[in-house]
J.: 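Here's a structure for you.
Quick note on labels: first sequence line is chain A, next is B, and so on, each numbered from 1.
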Amino acid sequence: MRRPDAKVVLLGGASVGKTSLLRRYTERRFSDSVSTVGGAFYLKPWRALHLSLWDTAGREQFHGLGSMYCRGAAAVILTYDVMQPQSLVELEDRFLGLTDSASKDCLFIIAGNKVDLTEQGGEGDGHGPRGPRQVSREDAVALYKKILRYRMVDEKAAPAAEQMCFETSAKTGHNVDLLFETVFDMVVPMVLRQKAEEPVETVDITSQKPPKRTRSGCCT
Amino acid sequence: MVNIKAFTLVSAVERELLMGDKERVNIECVECCGRNLYVGTSDGFIYHFLLEEKALPTGTTTFTATKQLHRHLGFKKPVSELRAASALDRLLVLCDSCISLVGMHSLEPVPSGARIKGASTFALNENPVGGDPFCVEVCILSVKRRTIQVFLVYEDRVQIVKEVSTPEQPLAVAVDGHFLCLALSTQYIILNYSTGLSQDLFPYCSEEKRPIVKRIGRQEFLLAGPGGLGMFATVAGISQRAPVHWSENVIGAAVCFPYVLALDSEFITVHSMLDQQQKQTLPFKEGHILQDFEGRVIVATSKGVYILVPLPLEKQIQDLLASRRVEEALVLAKGARRNIPKEKFQVMYKRVLQQAGFIQFAQLQFLEAKELFRSGQLDVRELISLHPFLLPTSSSFTRCHPPLHEYADLNQLTQGDQEKMAKCKRFLMSYLNEVRSTEVANGYKEDIDTALLKLYAEADHDSLLDLLVTENFCLLTDSAAWLEKHRKYFALGLLYHYNNQDATAVQMWVNIVNGDVQDATRADLYEYVVDFLSTCADQQLVWAHADWVLQRSQEVGVQVFTKRPLDKQQKNSFNPDDVISCLQKYPTALVRYLEHLVVDRSEQKAEYHTHLAVLYLEEVLQQRAAPSHSDTTATETQTKLRRLLQKSDLYRVHFLMERIRGAGLPVERAILHGKLGEHEQALRVLVHELGDPAAAEDYCLWGSEGRGAACRQHLFHTLLTMYLQAGPAAPELAVAAVDLLNHHAGEFDAAQVLQLLPGSWSVQLLHPFLTGAMRGSIHAGRTAQVALGLARSENLLYTADKMKLKGRAIRLSDQKLCQLCQHPFTEPVFVRYPNGGLVHPHCAASRHQAPNSPSPGTRT
Ligand SMILES: Nc1nc2c(ncn2[C@@H]2O[C@H](COP(=O)(O)OP(=O)(O)OP(=O)(O)O)[C@@H](O)[C@H]2O)c(=O)[nH]1
Ligand SMILES: [Mg+2]
C-alpha cells in the first residue's frame with residue numbers, strides 16, 4: 001500500500017451527507033447510504049501525489065475518533081446540511097475542537113450540502129423538509145471567520161472566506177467536483193512546500209528544540 | 001455478504017489430553033512458539049505439547065499434539081499468562097501477580113529464582129530497542145496504581161530499566177520500540193516511555209467493555225473502539241487504515257495477513273485489512289482466547305485448543321476468481337506481495353491479472369479487460385486462440401496450462417450470440433492493432449499480424465489495406481488462402497507485392513480489371529496498376545504488361561514510361577529507343593512519350609526533336625486535309641508545333657523546311673527561316689505572304705530574344721524598312737509602319753528613323769512615337785544626372801568616414817605643451833590642427849600660416 005502524501009478529512013454531523021459527497025465524487029453516483037460506522041477511506045491520486053480522503057462517522061457514538069482522524073490533516077471539510085441550522089451550529093460546538101490535532105497550516109473548507117432541497121435547488125425527494133433554505137451562505141462565511149480566529153490565523157493570510165465556503169448537492173452533483181478539486185489543488189502546493197522544507201532522511205540535531213508537552217500533567 | 005473460505009478450524013488439543021475429567025479446571029492461557037504449544041490452567045498447571053502438522057491430500061491440514069510435560073507451579077492460583085522467550089530458552093509465567101522464569105523444555109524454575117513481582121499483566125517488545133539478543137524487553141502493568149515498568153529479562157535475572165506513571169489506571173498494553181500502546185480506564189493512548197511524551201488516541205469506556213490492544217506490525221496497533229470497531233493506529237497516533245466493523249462484544253483479536261480475526265461469544269469473524277470487508281464467519285461457541293503466534297492463529301475455549309489454518313492465498317484468490325469476484329481477488333493478490341517471495345509473487349500476480357482479464361472479457365467489459373491484459377502482460381495469442389482459425393497453421397502456440405479461463409472458443413463463450421461475437425472480434429481487432437507495435441508483440445509478430453489480417457478481411461474493414469501497405473509480418477500462405485476465401489483479391493495483390501512477388505500481384509490486379517475475378521475494392525484499379533508499373537523497378541514486368549495497359553488507354557497507359565520517378569543514375573530507366581519502337585503501334589502514346597523526352601526530360605538528341613516535330617506536322621497536315629477544317633485559328637497541335645520549332649534548337653531545320661515547303665504554313669516557315677538566321681526572309685514571309693503585322697512584330701521580339709538590344713533594334717529597323725519600301729502602292733503597310741513606330745517607340749533609334757520617314761507624314765501621326773522618343777531621351781539624360789549625383793554623395797560619405805577615423809579623443813593635461821610656444825596649457829582652451837597638433841589659441845592666431853589647414857579644429 002502506498003503511503004498517502006496528505007490527508008483530507010470530512011467532518012460533520014450525522015446524515016449531513018459526507019458519505020454521499022465522497023461517493024458522488026469517487027463513484028459519480030448518488031444512492032441511499034447507511035450511516036457510517038467508524039470511518040472509511042479512499043486513496044486519490046492527484047497530480048503527482050496520493051491523497052487520502054477520510055469519511056468520518058457523524059454519530060455521537062463515534063465522536064471520540066475524530067481527533068485521531070484529524071491528526072496531521074492537511075485539510076478539513078466541515079460539512080453541514082443547509083436545511084438543518086443545527087448542523088451548522090454543531091460544526092462549531094462539537095467538531096471544531098477535533099481539529100486541534102490537524103496540521104498547523106491545515107485548510108478549512110465549509111460545505112453546505114443538500115442545496116437541492118432548497119426552493120431554488122429544484123426537486124426534492126422526500127428526505128428531510130423541502131422549502132426555503134434554513135442556513136444562509138453568510139452564516140457559513142461567518143463560521144469560517146470564527147474558525148480563523150479560533151485557529152489564530154490572520155484573516156488576510158488565509159484564503160478568502162468566499163473561496164472556502166461551498167454549497168453542494170451530493171444528489172445532483174452540484175459543486176461536488178469543484179469542492180474536492182479546489183481543496184486538492186490547494187493541498188498540493190502545501191505538501192510540496194512541506195516536502196521541500198523538511199528533507200525526511202536528514203535529522204538536524206543542532207536545532208532540536210525540547211519537545212512541548214502535549215498533555216499537561218502536574219507542574220514540573 | 002458472500003463469504004470466502006480463508007481459514008479452516010481444526011482441533012489441536014482435545015480436553016482429555018489436558019485435564020481428563022476434572023470438571024472445574026479451565027484453560028487460562030496459551031502460548032505457541034514454533035512447534036511448542038503451552039497451556040496454562042486455572043489450577044496452576046503448565047502443559048507442554050509438541051505440535052505436528054499434517055497436510056491431507058484433500059488440501060486441508062490436521063494437527064496432532066503430543067504431550068511432553070506438565071508441571072504444577074505450586075500455587076492454587078491460575079496461570080494467567082505465558083510467554084516464550086526462545087532465545088533465552090525461557091518461558092515467562094504470570095501467576096499470582098508474579099512473573100517467574102521457567103525452562104522452555106524442562107518447565108523447571110530458574111535456579112536463581114529471578115522474578116518480577118507485582119505485575120497484573122505484561123507484554124513482550126517484539127521490536128526491541130536494545131541490540132542484545134540474549135535478553136527480552138518486558139513491559140508490565142504494575143499492581144501499584146497507575147504505574148508501568150519496563151524490564152530487561154535475561155536467562156536467569158531481571159533488571160528494571162524504567163518506571164513510568166500514567167494519568168489513569170492502565171488496563172492493557174502492547175509494545176513496539178519505545179512506544180507503548182495503552183488502554184487506560186477512559187481512553188487509549190500512545191506513550192513513549194523513553195521521552196515520557198504521550199499522545200491521545202480516542203476515548204472509550206472500560207466499564208462497558210474490555211479493551212483490546214494488539215500490535216499488528218511495525219509501529220501499528222489494533223484497538224477495540226466504540227460501536228464494535230476494530231481501529232488501527234500507528235505510534236504517531238494516526239489511522240492509516242479504515243476501521244473494521246466487529247460485533248459489540250468482541251473479546252479477542254488476532255492478525256494473520258491480510259486478515260483481522262475477532263472472537264465473540266458466538267463467532268469468529270474474519271475481515272480483510274485490504275478492503276475492510278468481512279470475508280468469513282465461523283461459528284465458535286464459548287471461545288475465550290484468540291491469539292496469533294508468528295502467523296499461527298490459535299483459539300481456545302476453556303476446555304480445548306484449536307488452530308485456524310489459513311488457506312493458501314493462491315487458493316483463496318482462485319476461489320474468488322471462480323466466483324467472478326475480480327476486484328477482491330486483485331486486492332488480495334496485490335496484498336499478498338509481502339507474504340510471497342518476489343519472483344513467485346510476480347508470476348502469481350501476472351496470472352491473476354490475466355485470469356481477471358478473461359473474466360472481464362467474457363462479460364464484454366473490454367476496457368477493464370484490456371487494462372488487465374496489458375498489466376498482466378498477457379501473451380496475446382491466448383486471446384487470439386479463442387477465435388477459431390485465426391492463428392496461422394504454422395504457429396507453435398499452445399494455451400497456458402493450467403488454463404487461464406474455461407472457454408474452448410468464442411462460440412462457447414458467447415453461446416452462439418452473433419452480436420456478442422462481433423463485439424469480441426471488434427475488441428480483438430483494436431487490441432491487436434494497439435499491441436502489434438509494442439514489445440508485447442515481440443517474438444510472435446507473425447501470429448498477431450496474420451490474425452489481424454484475417455479479422456480485417458472477414459469484417460471487410462478498411463484497415464486491411466493499411467495493414468498491407470505498411471510494415472507487417474503477415475504470413476504469406478496463410479494470409480493468401482484467407483484473402484482468397486474472402487474474395488479480397490486486391491488486398492491479395494498487395495500481400496504478394498509486400499512479399500516481393502510483384503508479377504503475381506500485378507497479374508492478380510489485371511485479372512480484376514479484366515473482370516476474370518470480382519473485387520470492387522478500387523474503382524480506379526487500372527490507373528492504380530499503371531501507377532504501380534510506373535514506379536516498378538522491374539523492367540521485365542513493365543514490358544510484360546505494356547501492351548495491356550496501352551490497349552486499354554494510350555493516354556494513361558503511356559504513363560508507365562513517362563511517370564517514372566527520376567533517378568539520377570538512370571539505372572532503372574528505359575532505353576528511349578526501345579520504348580519508341582514499342583510505341584510505334586500507339587501513335588498518341590508515342591507523341592506523349594516524345595513530348596516527355598523533349599519537354600520534361602530535355603533530352604538533347606536531335607532525332608527525338610525532329611521526330612516529334614514531324615509527328616506534329618503530320619497531324620497538322622492531316623487536320624488541314626480534313627473537310628471540316630477552317631483555317632482561321634491554329635489548332636492545339638499547331639500551337640505545340642510552333643512552340644517546339646521556336647524553343648528547340650536541336651531538330652533538323654533543313655529537313656523540316658523541305659517537308660513544310662508548299663504546305664501553306666507561313667508562320668512555321670518564318671520560324672524555320674529565323675532558326676537559320678534568315679530574318680529578312682522570315683519577315684518577308686510574314687509581311688507579304690501572311691500579311692500579318694502582329695505576327696511580324698512577335699517575330700522581332702522572339703527572334704532577338706536573348707541576343708541583346710542591338711539585335712532587336714536591327715530586326716525592328718529591318719521590318720520598318722520593309723514597310724516603308726513598299727511605298728504608296730501598299731497603304732496598309734504604311735499604317736503598319738506607323739503602328740509599329742507608335743507601339744515600340746523604345747526599340748528604335750529615333751535619329752535614324754527620322755531620316756527614313758517620308759517628309760509628308762505629319763507630326764500628329766507620329767505623335768506617340770515622337771513623345772515616346774523624347775521622353776526616352778530626356779529620361780536617359782536625367783537618369784545619368786541622378787546617378788552622377790548619387791556617386792558624388794557616396795564619395796562625400798566615404799570622405800567623412802575617413803575623417804572620423806582619423807580623429808581621436810584629445811587629452812589635455814599640465815604636462816602637454818603647446819606645439820608652437822612649447823609652454824604648458826593653463827586654461828582648457830586650445831586649438832587643434834587636423835594633423836592632431838595642439839596649440840594655444842593666441843599662438844594659432846599669431847602664427848597665421850597653420851601647418852595644414854586654416855580651420856581651427858575642435859574646441860572643448
Ligand atoms: N436531497 C439530498 N439528500 C442527500 C444529499 N446528500 C445526502 N443525502 C441524504 O442524506 C442522508 C444521509 O447521507 P449520508 O451521506 O449517509 O450522511 P453522512 O454525513 O455520511 O452521515 P453519517 O455517516 O451518519 O455521518 C442519506 O439518506 C442521503 O441519501 C443531498 O445532497 N441531497
Ligand atoms: Mg457517512
J.: Search all heavy atoms of Ala40(A) against all heavy atoms of Ala242(B) and return the closest pair with its distance.
T.: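 Looks like CA-CB, 3.8 Å.
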J.: First locate atom OG of Ser52(A), then atom CZ of Arg241(B), and finally report the distance between them rounded to the nearest 0.5 Å.
T.: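 Rounded to the nearest 0.5 Å, the OG-CZ separation comes to 13.0 Å.
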J.: Atom CZ of Phe41(A) and atom OG of Ser239(B): how far apart are they, to the nearest 0.5 Å?
T.: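 Between atom CZ of Phe41(A) and atom OG of Ser239(B) there are 9.0 Å.
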J.: So with a 6.0 Å cut-off around CD of Glu60(A), is the heavy-atom count from everything else above 12?
T.: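 Yes, enclosed.
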J.: Could you have a look at Gly237(B), Gly335(B), Gly228(B), Pro203(B) and say which one has the most heavy-atom pairs with chain A under 4.5 angstrom?
T.: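 Greatest number of close heavy-atom pairs with chain A: Gly237(B).
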J.: Is it the side chain or the backbone of Phe232(B) that comes within 4.5 Å of chain A heavy atoms, both, or neither?
T.: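 Only the backbone of Phe232(B) comes within 4.5 Å of chain A.
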J.: In terms of heavy-atom proximity below 4.5 Å to chain A, should Ile238(B) be classed as side chain, backbone, both, or neither?
T.: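 Both the backbone and the side chain of Ile238(B) come within 4.5 Å of chain A.
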J.: Quick check for you: to the nearest 0.5 Å, what is the distance between Gln61(A) atom CD and Leu229(B) atom CG?
T.: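 If we round to the nearest 0.5 Å, Gln61(A):CD and Leu229(B):CG are 7.5 Å apart.
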J.: How far apart are the closest heavy atoms of Trp54(A) and Gln240(B), and which atoms are they?
T.: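 What the structure gives for the nearest pair is CZ2-C, 4.1 Å.
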J.: Does NZ belonging to Lys334(B) count more than 12 external heavy atoms closer than 6.0 Å?
T.: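 Atom NZ in Lys334(B) is not crowded, with 12 or fewer foreign heavy atoms closer than 6.0 Å.
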J.: Is Glu207(B) atom CD crowded by more than 12 heavy atoms from other residues, nucleotides or ligands, each under 6.0 Å away?
T.: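 Not buried by this count: 12 neighbours or fewer within 6.0 Å.
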J.: For Asp200(B) versus Arg71(A), what's the shortest heavy-atom pair and its separation?
T.: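 Where Asp200(B) meets Arg71(A) most closely, the heavy atoms are O-NH2, 3.0 Å.
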J.: Identify the heavy atoms of Leu201(B) and Met68(A) that sit nearest to each other, and give their distance.
T.: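 Reported closest heavy-atom pair: O-CB, 3.7 Å.
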